[in-house]
There are 2 protein chains.
Amino acid sequence: MTAPADLARRDTDSRRTEIAGAVRALIAERGFEGLRMRDIADRVGINIATLHYHIPSKEALITLVAQSLRDDFIAQHRAQPRENLSPLEQLRLEFSDFRDTFFNNPERLLVMGEMQERARRDPAVAAAMTPMRGYWHQQVRAILEAGRADGSFRADLEPAAAAAIVIGGMVAATKQPNPSAESLDRVFAEIERCVRNPSS
Amino acid sequence: MTAPADLARRDTDSRRTEIAGAVRALIAERGFEGLRMRDIADRVGINIATLHYHIPSKEALITLVAQSLRDDFIAQHRAQPRENLSPLEQLRLEFSDFRDTFFNNPERLLVMGEMQERARRDPAVAAAMTPMRGYWHQQVRAILEAGRADGSFRADLEPAAAAAIVIGGMVAATKQPNPSAESLDRVFAEIERCVRNPSS
DNA sequence: TCGGCCATCAATCAGTTGATTGAGAGACAA
DNA sequence: TTGTCTCTCAATCAACTGATTGATGGCCGA
């Protein structure tokens, strides 16, 4: 008996989603260099040949994960309406989004970090990661520009450079030893003081 | 003839240093998941058994590299006298140090990034990386505290959080697409504006 | 001179790893 | 019913990988 009736049989699309989730969990746990096709199959609960049926190669798998990350990222950013908020409120929304992800979905940030490293050597990964990084950067930059325009942020603020610092600062906050909600918030508050207009 | 006279014969200490250098170059090129003992031996120009003679295991090798990074890092930071400089000058020295390393020794920063990722799962690596990160953080924090004290930096600046942002901002600057001396300097200048006292 | 130690190498091993093969079972249309 | 298409699996492969073994030649102290 090679395919018992009680074993879940899924269409390829949902299988691929399931596989992507398993891979992300494994990368978060053991990193890229510890990623094994057999472990992925085991976690999904399928045979390694079945895994290869849905995903032609390990390389394709990694591309799939990069795309799944990008899709998640953009979906989350689109979920919240930001139009009616002040630039400072938008920036704070960015912070709270990030904090929520860090605590409720840490695997996402971990895997993004790993993928970011790999993007340097793997064009296929870079093709999925670069737009995501660009989207985020653009989002923050637009907030900073709006804040500079309405006087709530510094007049001498350079949006592109400052966006890099804001994002870098957020990421750095998570890499401190023993990150907590409080330690994250301390860094976020400092970023706020970095960009706010002192004379307002 | 298995050990010809024209083949370099080195004592274990200098061999280990040589091996650490080769490993760092390989990690920078291919990342952690592409690191192979045979490639290391090839790059050093020795047999794989000789490699294992000097380094008992791959794990020990990685610890060795982490330590070599830490030693380099601290050596460079001790090299420049900072005592007679103003806080702002000290901060700028930090920037130029970092920029020099990025362009003259990019392998160092690349490998530090990879190791930082790995530190999360490997206590031995963490033991070497955490003090390095801590040293750097402490260095920047001291500069920021001094600047706040003498009024050249913001009075409401929180040194620990700001240090995280300064370091995170520097690192983020190198991860922009197509980083150049100019793009780095734009970020560094923005960091300066972030911390300076607006009323001075 | 000689004996022991150090650094080195060719050859080899056992376990791992990504990928393939050939076939079975269920669903569904003709 | 029959045929075919999709999804699944056990078994297997060839290549790779970290590590070991046993031996060799040179250096150095006695």
Side-chain angles (χ1 to χ4, degrees), chain A residues 1-27 29-66 114 118 121-122 124-125, chain B residues 1-24 26-27 29-66 118 121-122 124-125:
Chain A
M1 165 156 76
T2 55
D6 60 324
L7 255 180
R9 203 182 175 86
R10 315 280 282 275
D11 65 291
T12 287
D13 261 8
S14 79
R15 251 316 180 224
R16 285 171 65 95
T17 308
E18 200 179 356
I19 290 169
V23 174
R24 284 166 55 161
L26 282 171
I27 291 178
E29 269 178 39
R30 311 179 200 175
F32 238 112
E33 83 263 25
L35 188 64
R36 301 285 174 264
M37 297 301 275
R38 277 168 179 78
D39 296 339
I40 299 165
D42 284 353
R43 177 158 303 217
V44 178
I46 57 176
N47 187 279
I48 187 174
T50 306
L51 175 58
H52 270 103
Y53 170 80
H54 292 288
I55 313 278
S57 69
K58 197 178 183 182
E59 207 179 319
L61 182 80
I62 288 164
T63 306
L64 173 73
V65 172
E114 298 271 350
R118 189 181 173 105
R121 307 167 227 120
D122 186 333
V125 173
Chain B
M1 167 156 77
T2 55
D6 60 322
L7 253 180
R9 200 183 176 86
R10 315 280 284 274
D11 64 292
T12 287
D13 262 7
S14 80
R15 243 337 169 212
R16 284 171 66 96
T17 307
E18 200 181 356
I19 290 168
V23 174
R24 285 167 54 161
L26 282 171
I27 290 178
E29 269 177 40
R30 310 179 201 175
F32 243 116
E33 84 263 26
L35 189 64
R36 300 286 174 263
M37 296 301 275
R38 277 168 177 77
D39 296 339
I40 299 164
D42 284 351
R43 176 156 304 216
V44 178
I46 57 176
N47 187 278
I48 187 174
T50 306
L51 175 60
H52 270 103
Y53 171 80
H54 292 288
I55 313 279
S57 69
K58 198 178 183 182
E59 208 180 317
L61 183 79
I62 289 165
T63 305
L64 173 74
V65 171
R118 189 178 173 107
R121 304 167 230 119
D122 187 334
V125 172

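For clarity, every value in this text was computed on a predicted model and none was experimentally measured. Residue numbers begin at 1 in each chain, while the letters A, B, ... track the order of the sequences.
In this structure, the side chains of B:Ile40 and B:Leu61 come closer than 4.5 Å at one or more pairs of heavy atoms. Here the side chains of A:Ile46 and A:Glu18 are not in contact, with every heavy-atom distance at 4.5 Å or above. When side chains are defined from C-beta on, B:Asn47 does not count as touching B:Tyr53, because their heavy atoms never get closer than 4.5 Å. For the pair A:Met37 and A:His52, the minimum side-chain heavy-atom distance is below 4.5 Å.
Contacts of A:Ile55 with the nucleic acid, taken as non-hydrogen atoms under 4.0 Å apart, are absent. Residue contacts for A:Ile48: at a heavy-atom cut-off of 4.0 Å it reaches a base atom on one of the strands shown.
Considering only the side chain of B:Arg36, D:dG18 comes nearest among D:dG18, C:dC9, C:dA19. With D:dT8, D:dA19, C:dA10 as the candidates, the nucleotide lying closest to the side chain of B:Met37 is D:dA19. Across C:dA10, C:dT8, C:dG18, the shortest atom-to-atom separation from the side chain of A:His52 is found for C:dG18.
Nearest-nucleotide assignment on DNA chain C puts the 5′-proximal partner with B:Ile46, out of B:Ile46 and A:Pro56.
More than 12 heavy atoms of other shown residues, nucleotides or ligands fall within 6.0 angstrom of atom CD in B:Glu29.
If you take NE2 of A:His54 and C1' of D:dC7, they are 6 Å apart, rounded to a whole angstrom. Regarding B:Asp39, its CG atom lies at a distance of 13 Å from the C1' atom of D:dG18, rounded to whole Å. As a whole-Å value, the separation of B:Arg16 CZ from C:dC6 C1' is 15 Å. For A:Lys58 and C:dT16, the NZ to P distance is 15 Å, given to the nearest whole Å. As rounded to whole Å, 19 Å separates atom P of D:dT17 from atom CD of B:Glu59. For the pair B:Ile40 CD1 and D:dA19 P, the interatomic distance rounds to 10 Å; values are reported in whole Å. As a whole-Å value, the separation of B:Tyr53 OH from C:dA10 P is 17 Å. In this structure, the CG atom of A:Asn47 is 16 Å from the P atom of C:dG24, given to the nearest Å.
At D:dC9, one or more side-chain N or O atoms of A:Thr50 fall inside 4.0 Å of OP1 or OP2 (strictly under the cut-off). An OP1 or OP2 oxygen of D:dT6 is reached within less than 4.0 angstrom by no side-chain nitrogen or oxygen of A:Arg15.
Side chain of A:Arg16 to backbone of A:His54: a donor-acceptor contact under 3.5 angstrom is found.
Between A:Glu114 and B:Arg121 there is a salt bridge, since a side-chain N of the basic residue sits under 4.0 Å from a carboxylate O of the acidic one.
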Provide a list of protein-nucleic acid N or O atom pairs under 3.5 angstrom, restricted to nucleotides 13-15 of chain D.
none

